[in-house]
2 protein chains.
Amino acid sequence: MGLEERRKREKENRKNAILKAARKLFFDKGFKNVTVESIAKKAELSKGSVYLYFKSKEDIYTQILLSDIDKFHKVMANIIREGQSSSATLMSLANLYTDFFMNDRELFRIMMNYMLNIDHMNLPEEIDHLIVKATNKTIDIIEEIFMIGVRSGEFPPYIDLRQKRNAIWGLLNGTISLHLFTGSEEKRAERIRSTIQTGLNTFLRGMRTPSGNGQ
Amino acid sequence: MGLEERRKREKENRKNAILKAARKLFFDKGFKNVTVESIAKKAELSKGSVYLYFKSKEDIYTQILLSDIDKFHKVMANIIREGQSSSATLMSLANLYTDFFMNDRELFRIMMNYMLNIDHMNLPEEIDHLIVKATNKTIDIIEEIFMIGVRSGEFPPYIDLRQKRNAIWGLLNGTISLHLFTGSEEKRAERIRSTIQTGLNTFLRGMRTPSGNGQ
DNA sequence: GACCATTGGTCAGTAATTGACCATTGTCCA
DNA sequence: TGGACAATGGTCAATTACTGACCAATGGTC
């Protein structure tokens, strides 16, 4: 409760106000279409003040990305739980993954761009690396879930892990892409979730039935 | 959500932080024993800043008094309700009155001082006047309640209103004085409330029974 | 390829905050 | 009694935070 402490706290608050304003704008309009002036306005500050807290527009952007990637990892970290079937785990992964990117369209767009090598935006090396890592994280987790399923006998032992993993990853991201940037806001969450849920269920059923022998 | 508006809001917040800190200190220690430096510390500001928002220590004090007197009037304003016996009204007045001053000992002390002409503290004329007015307010309300009670037949018509009114006022403030500045904090509220409640009930019973004929 | 609009970034000017300092007052002790 | 001293209300020059007019670079248009 000191005086120095109060000033530090207020600085932190200012910075957060800018980040909050910027996040919303970036995620609504994308990096290029947001002006620093508009961020300042939304944060109820002057443009000059924004530059007291961040050294560039890009700096704001990368700090948001870093913090969101961090959140992403936290969300993904505890997906795999004891005593839950791999199918159920995959389903909860799909739901969490969808929910996360529903609230962070910009990050999704960026990850997709990286995946597709469209546009590396000239972000610092370090950020590049982290984004790639975050992108791969989901793939790794899906593979891990499949391995657990095979080990427990839930899935046949002869499946091609890589293939299944990629199919699921594609299903997830393809569906999200399709819905996230098209159509109206209304009931978007429901549409994505139900599409993914039925798709995933169908796929898993296919894996377990003898006719669809996992190949 | 403009920029000018934000600054205005923040000024208001600063001022309120000072008032909040000062109120607590004044009510704990009394005007004389509080230093401006201590107010500043508690509000996490420098002494200089306090003087940006208030022109003197006394100014802080009177602003708190004014705002508290205002609150007091708001609390007292709606005591009298249709369809409630005068006894019940008196009881709720007693409870509200007690609760109010439990949280504002300093104001109580000041009002008592004024009543007893002990110390007028050199507050501006205007404040003096308001404090006297607030003090008298309670007396007037008690009298009004008695009059309603007489009119409705709840109390005998021959009672001396002034006498009864003064007795109740004395009971209230005497009890609060006794408890508010002595003994331990623990269960103080309960002690005051129960003392006043039984005292008031006894008094009212006395007024209604033929033997205690209201004189 | 000249003009213009837009916008990222700068910086001199302004506002808010600080705390060392001063003047006054009350206290204590010789 | 009076003077040394501590405590504290109030001031103000120095520091820190914030602002917005301005500049330079960029991209679009005719």
Side-chain angles (χ1 to χ4, degrees), chain A residues 1-26 28-65 106 119 121-124 127, chain B residues 1-23 25-26 28-65 119 121-124 127:
Chain A
M1 203 172 74
L3 192 148
E4 206 50 52
E5 184 190 317
R6 189 211 86 220
R7 294 193 131 191
K8 201 173 139 198
R9 202 172 58 229
E10 288 183 347
K11 270 192 189 177
E12 204 60 36
N13 289 344
R14 281 272 189 272
K15 194 175 170 183
N16 286 335
I18 295 169
L19 286 175
K20 185 179 171 187
R23 171 179 279 113
K24 171 122 181 61
L25 289 170
F26 283 141
D28 283 353
K29 311 184 178 188
F31 183 79
K32 284 194 319 300
N33 302 315
V34 173
T35 66
V36 176
E37 181 68 39
S38 73
I39 294 172
K41 271 279 181 313
K42 202 175 180 69
E44 294 180 297
L45 286 167
S46 69
K47 188 161 70 159
S49 291
V50 170
Y51 283 93
L52 294 173
Y53 293 90
F54 299 90
K55 71 180 202 302
S56 66
K57 180 180 167 185
E58 192 187 73
D59 182 29
I60 305 175
Y61 195 67
T62 56
Q63 292 208 26
I64 292 173
L65 282 190
E106 181 73 357
D119 176 18
M121 289 203 73
N122 295 330
L123 297 179
I127 309 292
Chain B
M1 202 173 75
L3 193 149
E4 205 51 52
E5 183 190 318
R6 191 212 83 220
R7 293 193 132 191
K8 199 172 141 197
R9 203 172 59 229
E10 288 182 348
K11 271 192 186 176
E12 203 61 36
N13 290 343
R14 282 271 190 274
K15 192 173 171 185
N16 286 335
I18 296 169
L19 285 174
K20 184 178 171 188
R23 170 179 279 115
L25 289 170
F26 283 141
D28 284 353
K29 310 185 178 189
F31 184 78
K32 284 194 319 301
N33 300 314
V34 172
T35 66
V36 175
E37 181 69 39
S38 73
I39 294 172
K41 273 277 182 314
K42 202 176 181 68
E44 296 181 296
L45 287 167
S46 69
K47 188 160 69 158
S49 290
V50 171
Y51 283 93
L52 294 172
Y53 293 90
F54 299 90
K55 72 180 201 301
S56 66
K57 180 180 169 186
E58 192 187 73
D59 183 29
I60 305 175
Y61 195 65
T62 56
Q63 292 209 26
I64 292 173
L65 283 190
D119 175 18
M121 289 203 73
N122 294 330
L123 297 180
I127 309 293

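Worth knowing before you read on, the calculation uses all heavy atoms, side chains too, and leaves out hydrogens, waters and symmetry mates. A, B, ... follow the sequence lines: proteins, then strands. Residue 1 opens every chain.
Nucleotide dA17(D) holds its P atom 14 Å from the CG atom of N13(A), rounded to whole Å. In this structure, CZ of F54(B) is placed 15 Å from P of dG9(D), rounded to the nearest angstrom. Taking atom CD on E37(B) and atom C1' on dA6(D), their separation rounds to 15 Å, with Å as the unit. For the pair K41(A) NZ and dT19(D) P, the interatomic distance rounds to 10 Å; values are reported in whole Å. Atom-to-atom, CD of E5(A) to P of dT18(C) comes out at 13 Å; the value is rounded to the nearest Å. One can place NZ of K55(B) at 16 Å from C1' of dT11(D), the figure rounded to the nearest angstrom. One atom, CD1 of I18(B), and another, C1' of dT17(C), lie 11 Å apart when rounded to the nearest Å. Spacing between atom NZ of K47(A) and atom C1' of dT6(C) amounts to 10 Å, rounded to whole angstrom units.
Within the 4.0 Å cut-off from OP1 or OP2 of dT19(D), at least one side-chain nitrogen or oxygen of S49(A) is found. Taking side-chain N and O atoms only, R7(A) has no distance below 4.0 Å to OP1 or OP2 of dT15(D). Taking only side-chain nitrogens and oxygens, R14(B) comes nearer than 4.0 Å to OP1 or OP2 of dT17(C). A sub-4.0 Å separation between OP1 or OP2 of dT19(D) and a side-chain N or O of R6(B) is present.
With a cut-off of 3.5 Å on both Watson-Crick or G-U wobble distances, the partner of dA4(D) is given as dT27(C). Nucleotide dC11(C) has dG20(D) as its partner under the Watson-Crick or G-U criteria, with both atom distances under 3.5 Å.
Across K15(A), E58(A), R23(A), a single residue satisfies side chain to side chain donor-acceptor pair (under 3.5 Å) together with Q63(A), and that is K15(A).
Between K11(A) and V36(B), the residue anchored nearer the 5' end of DNA chain D, judged by the nucleotide with its closest heavy atom, is V36(B). Toward the 5' end of DNA chain C, the nearer of the two residues S46(B) and S56(A), judged by each one's closest nucleotide, is S56(A). Closest-nucleotide positions on DNA chain C for N33(A) and G48(B) were compared, and the one nearer the 5' end corresponds to N33(A).
Distance check, rounded to the nearest 0.5 Å: OG of S49(A) to CD of E44(A) gives 12.0 Å. Put simply, OH on Y53(B) and CG on L19(B) are 11.5 Å apart, with the number rounded to the nearest 0.5 Å.
Nucleic acid contact for Y53(A): sugar-phosphate only, since backbone atoms but no base atoms lie under 4.0 Å from a heavy atom of the residue. Residue-level contact check: T35(A) touches the backbone only, with heavy atoms under 4.0 Å from sugar-phosphate atoms and none from bases. At the heavy-atom level, V34(B) lies under 4.0 Å from the strands shown only through sugar-phosphate atoms. As judged by a 4.0 angstrom heavy-atom cut-off over every strand, L45(B) is placed among residues touching the sugar-phosphate backbone only.
Using a 30° and 60° split on the angle between ring planes, F26(B) and F31(B) fall in the parallel class, below 30°.
A donor N or O paired with an acceptor N or O is not found under 3.5 Å between the base of dG9(C) and the side-chain atoms of K57(A).
With distances taken from any side-chain atom of Y51(B) to the nucleotides dC18(D), dT11(D), dG8(C), the minimum falls on dT11(D).
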Passes salt bridge (charged side-chain N to carboxylate O under 4.0 Å, His left out), E10(A) versus R6(A)? Steps please. CA-CA 6 Å; E10(A) 288 183 347; R6(A) 189 211 86 220; 3.4 Å; yes
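Contact record, I18(A) with A43(A): CA-CB, 4.0 Å, taken as the closest heavy-atom pair.
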